[in-house]
Amino acid sequence: MFSGKKSFLVCLVFIFLTSFLFAQNLTEEENSLIQKTLDARLKTRLYHNEDDAIEYMKDFKKSLEASGELNNISEQAVLIIDNMINIEIYNYMYQKDMHSENLKPFITSQYDKIVAFQKNNSVAEFSPWFYFSSGDIINSSMQFLSQGTAIKLGLQEKDDYDEVLKENPTLSFGLINAALWYFFAPSIGGGSKKTAFSYFERSLKSAACDYEKFYSRIYLSQVLFEEKDFEACENLLKECDEILPENVYTSFIRFLNKNNYSLLCYTNNREKVEKKLGIQK
């Protein structure tokens, strides 16, 4: 999911509910809670300001805790849900103030939880949900890590994504995460806009739930905008409006497009674009 981060710092989460995933080490109840969390994340696009979106996700987390729904699921499932909630909160924190001193401690504390979990558990037990939700947290943490560590993590992430997608080629948000990696990564480091475009197309075709359907269209529309296929771009944005009526995200994207910027370009050059367009943050 977009949060205005720099190149290589991509966001989004894996959410495809297939029979394969239910055969993994997550239960049906755990998968249901993950889906519930993703539904909540999508609804943040109905809020007009960052603070309201942040409060909505915090309230959602409190409701899960109060209901006791997290008490009977595995440590891994709890971490996946926590990853998803915290990346959404972080995205809006970043959107509100990309230089806030609160960003680093917030995201790196979640990163530390992931590292601890990896050390204490076997790789063979990791669910695809773990890889993709953790990837979002790791991407957002990279700017606060050493350059060497960030490069190592980025390359490992690509390998993990490729391996999971080799076994599960129709995982819609897995495809989106991988597509974003290929789009933003430099070609010398393995990036490929051609591969990214192919993955975005595949993600749309295999999208199942509203979260997948919405964001697969958002990102593909912006690739098409960069390819100057403006009609196809607008058609996809209209479909997003049908999926989530009254959302505020497509209006912002149309504003960028009207001023000859794609969302992807904005992601890479946020401060420059905001200064050019007079966007106050």
Side-chain angles (χ1 to χ4, degrees), residues 1-3 5 9-17 21 24-45 50-51 53-96 100 102-123 125-145 153 157 160-161 164 171 173-174 176-177 209 211-212 215:
M1 171 180 174
F2 165 68
S3 66
K5 293 186 284 290
L9 306 181
V10 300
C11 50
L12 291 168
V13 176
F14 163 65
I15 56 175
F16 191 50
L17 296 176
L21 285 181
Q24 294 293 306
N25 58 342
L26 297 184
T27 66
E28 183 172 352
E29 180 181 4
E30 290 168 340
N31 277 289
S32 178
L33 283 176
I34 289 170
Q35 181 63 60
K36 185 176 180 179
T37 303
L38 292 166
D39 289 342
R41 292 188 66 186
L42 180 59
K43 289 177 183 176
T44 64
R45 290 301 178 189
E50 294 90 349
D51 287 334
I54 290 170
E55 286 306 308
Y56 174 78
M57 288 308 300
K58 287 182 177 180
D59 288 343
F60 173 76
K61 183 174 183 178
K62 289 178 183 177
S63 72
L64 287 182
E65 294 170 343
S67 69
E69 292 175 278
L70 301 178
N71 296 338
N72 299 318
I73 62 176
S74 66
E75 178 187 1
Q76 179 175 195
V78 171
L79 180 58
I80 291 167
I81 291 169
D82 206 33
N83 283 342
M84 291 179 175
I85 293 172
N86 284 335
I87 193 60
E88 195 68 30
I89 292 173
Y90 177 86
N91 287 342
Y92 284 105
M93 290 172 61
Y94 191 99
Q95 184 174 309
K96 181 179 178 181
S100 171
N102 297 321
L103 292 174
K104 181 178 179 179
F106 182 86
I107 200 66
T108 56
S109 63
Q110 190 66 24
Y111 169 78
D112 290 341
K113 293 178 185 178
I114 293 168
V115 172
F117 181 83
Q118 289 174 318
K119 287 181 178 179
N120 295 326
N121 294 273
S122 169
V123 173
E125 299 174 358
F126 296 164
S127 164
W129 295 88
F130 172 76
Y131 283 111
F132 288 106
S133 67
S134 296
D136 286 334
I137 298 295
I138 292 169
N139 287 332
S140 295
S141 300
M142 285 184 183
Q143 63 179 310
F144 305 117
L145 305 175
L153 289 172
E157 180 181 26
D160 290 341
Y161 286 0
V164 173
L171 299 179
F173 250 76
I176 291 177
N177 275 18
C209 67
Y211 190 96
E212 290 178 315
Y215 282 106

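What's counted below: heavy atoms across the whole structure, side chains too, no hydrogens, waters or symmetry copies. When a residue number appears, it is its place in the shown sequence, counting from 1.
Using modelled atom types, one side-chain atom of Ser67 and one backbone atom of Ser63 make a donor-acceptor pair closer than 3.5 Å. Remark: side-chain polar atoms of Glu88 are not paired, donor with acceptor, to backbone N or O of Ile85 under 3.5 angstrom.
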side-chain contact (heavy atoms from CB on, under 4.5 Å) evaluation trace for Glu30 with Ile81: CA-CA 9 Å; Glu30 290 168 340; Ile81 291 169; over 6 Å; no
side-chain contact (heavy atoms from CB on, under 4.5 Å) between Asn91 and Arg41: does it pass, once the steps are laid out? CA-CA 11 Å; Asn91 287 342; Arg41 292 188 66 186; 4.1 Å; yes
Intermediate values then yes/no, side-chain contact (heavy atoms from CB on, under 4.5 Å), Lys36 and Leu64: CA-CA 10 Å; Lys36 185 176 180 179; Leu64 287 182; 4.2 Å; yes
Verify side-chain contact (heavy atoms from CB on, under 4.5 Å) between Ile34 and Leu26, making sure each step is shown before the conclusion. CA-CA 10 Å; Ile34 289 170; Leu26 297 184; 3.9 Å; yes
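The aromatic ring centres of Phe144 and Tyr111 sit 6.0 Å or more apart. Between Tyr56 and Phe60, the ring centre distance reaches or exceeds 6.0 Å.
With rounding to the nearest 0.5 Å, the separation of CE in Met84 from CD1 in Ile137 is 10.5 Å. Atoms CD and OG1, from Glu55 and Thr44 in turn, are 13.0 Å apart once rounded to the nearest 0.5 Å. Atom CG of Leu38 and atom CD of Glu212 lie 8.5 Å apart (nearest 0.5 Å). To the nearest 0.5 Å, atoms CD1 (Ile80) and CG (Leu33) are separated by 11.0 Å. Here the CD1 atom belonging to Ile73 is positioned 10.5 Å from the OG atom belonging to Ser32, to the nearest 0.5 angstrom.
Nearest heavy-atom pair across Ser140 and Ile87 is OG-CD1, 3.3 Å. The minimum heavy-atom distance between Met93 and Asn102, with the atom names listed, is CE-O, 3.9 Å. Annotation for Gln76 and Glu125: closest pair NE2-O, 3.2 Å, computed over non-hydrogen atoms. The two atoms that bring Glu69 and Glu29 nearest to each other are O-OE2, 4.3 Å, heavy atoms only. When all heavy atoms of Tyr161 and Gly135 are compared, the pair lying nearest together is OH-CA, 3.6 Å.
Between Asn31 and Trp129 there is a side-chain heavy-atom pair separated by less than 4.5 Å. Inter-residue side-chain proximity for Leu79 and Glu75 is flagged as unmet; no heavy-atom pair is nearer than 4.5 Å. Residues Phe117 and Asn121 meet the side-chain proximity criterion, which asks for heavy atoms closer than 4.5 Å. For the pair Leu42/Tyr215, a side-chain contact is recorded, criterion being any heavy-atom separation below 4.5 Å from C-beta on. Within the 4.5 Å cutoff, no side-chain heavy atoms of Asn86 are placed close to those of Ile107. Residues Phe106 and Gln110 form no side-chain contact, since every pair of their non-hydrogen atoms from C-beta on lies 4.5 Å or further apart. Phe132 has its side chain out of reach of Asn83: every pair of non-hydrogen atoms, C-beta onward, lies at least 4.5 Å apart.
The environment of NZ in Lys43 is sparse: at most 12 heavy-atom neighbours from other residues, nucleotides or ligands sit within 6.0 Å.
In this pair, Tyr131 and Phe126 present their aromatic rings perpendicular. The plane angle is above 60°, beyond the 30 to 60° band.
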